[in-house]
Amino acid sequence: MRILAFSRRNDLEVLRDPLNLFFGVGFPLILLLLLTAIQANIPVALFEIGHLAPGIVVFGLSFMTLFSATLIAKDRGSSFLQRLYTTPLTAKDFILGYLLPILPICIAQSVICYGAAVLLGLEVTVHLVASVLFTLPVALLFVSLGLLCGSIFTDKQVGGICGALLTNLTAWLSGVWFDLGLMGGAFQKIADLLPFVHAVEMERVVLRGDYAGVFPHIWWVAGYAAVVTAIAVFAFLQQMKRQ
Amino acid sequence: MDAIKTVDLTKKYKDLTAVDRLNLTVRQGELLSLLGVNGAGKTTTIKMLTGLTRATSGDAYLNGKSILTESAAVKKMIAVSPQETAVAPNLTVKENLVLLAGVHGFSKAEAKDKAAELSDRFGLGEIANKRAGKLSGGWQRRLSIAMALISGPQILFLDEPTLGLDVLARSSLWDMIRTLKGKMTVILTTHYLEEAEALSDRVAIMKSGRLLLTGTPAEIKRRAGTDKFDEAFVRIVKEGEA
């Protein structure tokens with residue numbers, strides 16, 4: 001009950017912020033519509049709906065870091081978290097209470113994005129369901145990044161770091177907007193060492209039904225998710241001690 | 001049994017001793033105000049008693065439970081209304097109350113009942129469905145105290161509950177705090193001396209981490225040789241400097 005009460009509160013705080021709804025759902029949908037319209041007039045393979053939709057889904061998930069980090073940083077900045085530290089909630093309750101409620105929001109966001117893609121011409125197959133399920137490790141990565149950033153930055157810093165830097169990193173280094181092969185060199189090497197392009201590629205192959213193709217991408221995504229989650233838990237516990 | 005008993009409670013931050021061998025006793029059902037100028041150690045004392053920070057040495061017992069070795073039991077019997085307004089802004093008044101009942105382990109039905117009871121008791125019924133972030137400072141503070149009370153604490157810590165409020169809102173909160181007297185032990189920190197005098201059974205004055213004096217407001221005035229409480233406070237703190 002304790003963790004459920006805390007999780008429900010975190011869900012409501014995120015979902016009742018109109019800016020979150022705009023950036024979490026509205027913005028990815030606008031991009032999907034805009035790029036599909038461009039594709040209709042000037043056909044580009046990169047923006048074909050089957051290729052574009054997985055990229056938009058991953059890009060949309062990057063905003064979850066902002067939502068999660070803002071929530072935690074604001075709680076830390078006000079006395080709200082301090083109040084909760086004096087209740088029987090344990091460190092485990094706090095960490096799970098911040099991580100878990102955002103995951104269903106991530107799934108809902110992916111369903112909405114893929115649903116919009118279907119309306120724009122994406123073929124309905126069973127692989128769509130698998131694609132939504134495969135967003136889970138990606139979602140965990142972004143939500144854990146939120147826990148990490150929310151534990152070490154103020155809410156103003158979070159706005160800059162997660163709202164501007166991370167979403168741009170995800171956009172530029174994921175191969176959603178352009179083929180990374182065209183850039184080549186160091187740019188592509190850096191992109192390959194980060195999880196974003198692997199998250200998009202994993203989604204793309206799953207949507208095509210090429211399940212063998214998820215390797216090695218899933219290892220990159222799951223590996224980053226595991227490491228970031230471990231660091232985030234450590235950072236949260238450290239700030240808890242400081243409070 | 002005393003509600004609170006501190007034994008040489010000390011907190012050091014590197015070279016700074018924030019609280020220095022504090023020995024303080026608070027009786028059951030008593031409202032005790034902790035007074036002191038900035039840096040006196042009031043907030044650090046509250047933080048140690050509520051488990052937010054660990055004592056460097058010494059210990060404190062809340063209804064016989066050690067803050068060092070029985071912190072889980074201590075957390076079950078206390079509640080805190082922090083200095084800043086600590087409410088969830090996007091949740092309604094009712095949802096904030098239900099949340100606090102939930103994190104104290106009450107079932108959904110119990111949490112709703114308790115929220116309704118507290119809303120009635122403190123006049124929050126009319127604004128029960130308003131978002132907490134949209135309320136005035138006075139109503140947020142009222143909600144904050146109601147949230148602290150929802151678990152039925154035996155010991156309540158009120159940290160600067162009326163800071164920054166206008167006269168009417170402050171008067172209204174004083175009435176609210178008076179209704180708690182005798183029903184639970186209340187520790188109040190405040191910078192408003194008239195507040196301490198009006199509400200407290202006893203007052204403890206701290207300076208530079210040390211306890212200078214405890215007594216009823218009348219005893220403190222008598223000790224300082226004045227009939228004005230603020231003058232008495234200033235004299236005692238200045239004596240403490242000497």
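All chains are named by letter (A, B, ...) in the order of the sequence lines, taking the proteins before the strands, and each is independently numbered beginning at 1.
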Among B:Lys47, B:Arg131, B:Lys76, residue most engaged with chain A (heavy-atom pairs, under 4.5 Å): B:Arg131

Rounded distance [0.5 Å steps], CG in A:Leu84 versus CG in B:Leu100: 6.5 Å

side-chain contact (heavy atoms from CB on, under 4.5 Å) between A:Thr87 and B:Lys75, intermediate numbers included: CA-CA 6 Å; A:Thr87 69; B:Lys75 282 184 174 186; over 6 Å; no

Check each atom of B:Ala88 against the heavy atoms of chain A and say whether the ones under 4.5 Å are side chain, backbone, both or neither. both

Please check if atom CZ in A:Phe22 has more than 12 non-hydrogen atoms from other residues, nucleotides or ligands closer than 6.0 Å. yes

I need the minimum non-hydrogen distance between B:Val103 and A:Ala5, along with the two atoms involved. N-CB, 4.0 Å

Portion of B:Arg54 that has a non-hydrogen atom of chain A nearer than 4.5 angstrom: neither

Please state whether the side chain, the backbone, both or neither of B:Ala79 comes within less than 4.5 Å of a heavy atom of chain A. neither

Given heavy-atom pairs under 4.5 angstrom as the criterion, report whether the side chain, backbone, both or neither of B:Pro89 touches chain A. both

Top residue by heavy-atom pair count (under 4.5 Å) with chain A, among B:Ile78, B:Val87, B:Thr53? B:Val87

Please indicate whether B:Lys94 has more than 12 foreign heavy atoms, meaning atoms of other residues, nucleotides or ligands, lying under 6.0 Å from its NZ. no

May I ask you to name which of A:Arg9, A:Arg2, A:Arg8, A:Glu13 has the most heavy-atom pairs under 4.5 Å with chain B? A:Glu13

Part of B:Ser144 lying under 4.5 Å from any heavy atom of chain A: both

In terms of heavy-atom contacts, does CH2 of B:Trp174 have more than 12 from other residues, nucleotides or ligands at under 6.0 Å? yes

Who in residues 104-124 of chain B is close to chain A, using a strict under-4.5 Å heavy-atom cut-off? B:His104, B:Gly105, B:Phe106, B:Ser107, B:Lys108

Which atom names give the shortest non-hydrogen contact between A:Arg16 and B:Leu91, and what distance separates them? NH1-CA, 3.8 Å

Can you confirm whether more than 12 heavy atoms, excluding those of B:Lys181, are under 6.0 Å from its NZ atom? yes

For B:Pro82 and A:Ser79, work out which heavy atoms get closest and say how close. CB-CB, 3.5 Å

Euclidean distance, A:Leu12 CG relative to B:Asn96 CG, rounded to 0.5 Å: 10.5 Å

Here's a test for you: under side chain to side chain contact (heavy atoms under 4.5 Å, CB included), which of A:Gln82, A:Met240, A:Arg83 qualifies with B:Leu52? A:Gln82

